[in-house]
Amino acid sequence: MENRIAVVAFGGNALHPEHQVGTAEEQEKNAVEASAAISEIVHNGYEVVVVHGNGPQVGSLLIQMEKAADEVPVLPLYACVAGTQGTIGYMLTNALRQECGRLGLSQEVVTVLTTVVVDPDDAAFNTPTKPIGPFFTKEYAERMAVEKGWIVVEDSGRGYRRVVPSPEPIGILEKSSIQQMIEHHNIVIACGGGGIPVIIQDGEFKGVEAVIDKDLASSLLAREIGAHLFIILTGVPQVAINYGQPDRQWLETITVAEAKKYTAEGQFPPGSMGPKIAAAIKFIEAGGQEVLITSASELDRALKHQGGTYIVP
Ligand code: ADP
Ligand code: MG
């Protein structure tokens, strides 16, 4: 019997929460916890593709490179994304292998270095919005703006940060390889950090200084491989309307039409819940059956429809 496919996306914070410094030991322990959640999805009879974020990890890498910039050349951002796909992919692969062994599951676990195509004419290239990497002094930020053409912004009184474009993902180069691995019942880790962003120019693939939103990249992946279920694991057990206010109301199941209505009301801020809802809407509108947004600790209950927020046609 052919199994159903689930794509599960989780935030970079899941492996490197804000209250931790991000040692290898911490991240490896967090990977073990994430693996327990992922194996629950396998247990529910799905072939699983995992997408992870990389915000804190790529931020740390950029700090390391900035500090050593006068000794070792700083690498472009797309290369840093590739690097974090490797490090995070390794930690998850290792943890998942161990978890599968413990549960007597026979799946192989594979990390795919994933390249995601963006449109060079995407409007995002004209208005960079995504803050990345370390905080700088005004002087350093201004010097980098002149020397390297960085766009820098003042970030909530904490210093100056570089902002980069966050274009829409439009294609996944390794799609058919990922599909073949799923057919062979492998657990696949792909599109880490939203994927390595490239444009196609004169028939060549060229890395660009941008980052792709991992929620949008995982939605594209879910659509392209015909996933049945798209799961987004994040810091809250459910999506709410009037989030953070006294009249907050947690949502159990909403239709795409309701999701659009709440979006128009401004219920889902850009940069946090906004892209998740947008990613969910795109998946359902392309023929997907259901999206589940919840936290890793609620996943077990949510898969039994006793928690989480489902978005349906
Ligand atoms: P991730 O790292 O998983 O992408 P984000 O911080 O980007 O997580 O986005 C998820 C966060 O969005 C939640 O943890 C919550 O704090 C916040 N949030 C904003 N609006 C809402 C809402 N309407 N309902 C639930 N959470 C919301
Ligand atoms: Mg996010």
Side-chain angles (χ1 to χ4, degrees), residues 7-20 22 27 30-31 33-34 37-38 50-60 81 84 88 92 116 124 129-133 155-156 161 163-169 191-195 210-222 230-256 258-283 291-299 302 307-311:
V7 169
V8 54
F10 62 89
N13 286 315
L15 293 185
H16 181 172
E18 240 169 73
H19 63 273
Q20 295 183 349
Q27 295 196 59
N30 299 334
E33 279 163 28
I38 294 162
V50 181
V51 178
H52 60 80
N54 72 344
Q57 294 85 352
V58 88
S60 300
V81 174
T84 60
I88 301 171
L92 279 175
V116 175
T129 53
K130 176 78 185 162
I132 53 147
D155 192 333
S156 38
R161 265 181 118 186
V163 285
V164 296
S166 190
E168 285 261 326
C191 282
V211 290
I212 301 168
D213 183 275
K214 69 111 189 12
D215 297 315
L216 296 181
S218 48
S219 172
L220 176 65
L221 179 64
F230 175 28
I231 303 170
I232 304 178
L233 298 182
T234 187
V236 282
Q238 285 181 306
V239 180
I241 50 173
N242 305 325
Y243 183 75
Q245 290 162 44
D247 58 346
R248 176 198 63 203
Q249 200 187 322
W250 298 112
L251 301 169
E252 275 167 26
T253 302
I254 56 169
T255 64
V256 161
E258 286 166 328
K260 284 183 171 173
K261 181 176 77 95
Y262 294 140
T263 301
E265 290 172 13
Q267 296 283 356
F268 312 124
S272 62
M273 193 48 75
K276 295 182 202 312
I277 301 292
I281 293 172
K282 283 197 166 127
F283 175 71
V291 179
L292 167 61
I293 302 180
T294 189
S295 60
S297 55
E298 274 285 298
L299 178 65
T309 300
Y310 278 88
I311 298 142

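We count ligands from 1, going down the list as the structure has it; atoms in each ligand are counted the same way. The analysis underlying the following values was restricted to heavy atoms, covering all of them including side chains, and did not include hydrogens, waters or symmetry mates. From a predicted model like this one, the values you see are computed outputs, not experimental measurements.
Residue contact check for ligand 1: Ala240 places a non-hydrogen atom closer than 4.0 Å to it. Residue contacts with ligand 1 leave out Gly274, since none of its heavy atoms falls under 4.0 Å from the ligand.
Ser219 meets the side chain to side chain donor-acceptor pair (under 3.5 Å) test with Arg223; sequence neighbours excluded.
Nearest non-hydrogen protein atom to atom 16 (O) of ligand 1 is Tyr243 OH, 3.0 Å. When hydrogens are left out, the protein atom nearest atom 1 (P) of ligand 1 is Lys276 NZ, 3.4 Å; that is the closest non-hydrogen contact.
Between Lys282 and Glu168, the closest side-chain pair of non-hydrogen atoms falls below 4.5 Å. Proximity of Glu265 to Ile241: side-chain heavy atoms (C-beta onward) are nowhere separated by under 4.5 Å.
For ligand 1, the polar-atom distance check against Gln267 finds a nitrogen or oxygen pair separated by under 3.5 Å. Taking only nitrogen or oxygen atoms, main chain and side chain alike, Asp215 does not reach within less than 3.5 Å of ligand 1.
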Could you give the side-chain donor-acceptor pairs of residues 242-249 under 3.5 Å, partners two or more places apart or in another chain?
{"unit_1": "Asn242", "atom_1": "OD1", "unit_2": "Gln267", "atom_2": "NE2", "d": "3.3"}
{"unit_1": "Asn242", "atom_1": "ND2", "unit_2": "Asp247", "atom_2": "OD2", "d": "3.4"}

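Tested against Phe10, the residues Leu92, Leu299, Ile232, Thr234 include a single side chain to side chain contact (heavy atoms under 4.5 Å, CB included) partner, Leu92.
Close approach of ligand 1 to Val239 (heavy-atom distance below 4.0 Å) involves ligand atoms 24 (N), 25 (C). Set against the non-hydrogen atoms of Pro269, the atoms of ligand 1 under 4.0 Å away are 19 (C), 20 (N).
Only the backbone of Gln238 comes within 4.0 Å of ligand 1, judged by heavy-atom distances. If you look at Phe268 next to ligand 1, the close heavy atoms, those under 4.0 Å, all belong to the side chain.
Among Gly271, Ala14, Ser272, the residue whose heavy atom sits closest to atom 12 (O) of ligand 1 is Ser272. Summarising the contacts of atom 3 (O) of ligand 1 with Thr234, Asp213, Asn13, the nearest heavy atom is found in Thr234.
Note that the CD1 atom of Ile293 and the CZ atom of Phe230 stand 8.0 Å from one another [nearest 0.5 Å]. Note that the CD1 atom of Ile277 and the CD atom of Glu258 stand 11.5 Å from one another [nearest 0.5 Å]. Rounded to the nearest 0.5 Å, atoms CD1 (Ile231) and OG1 (Thr294) are 9.5 Å apart.
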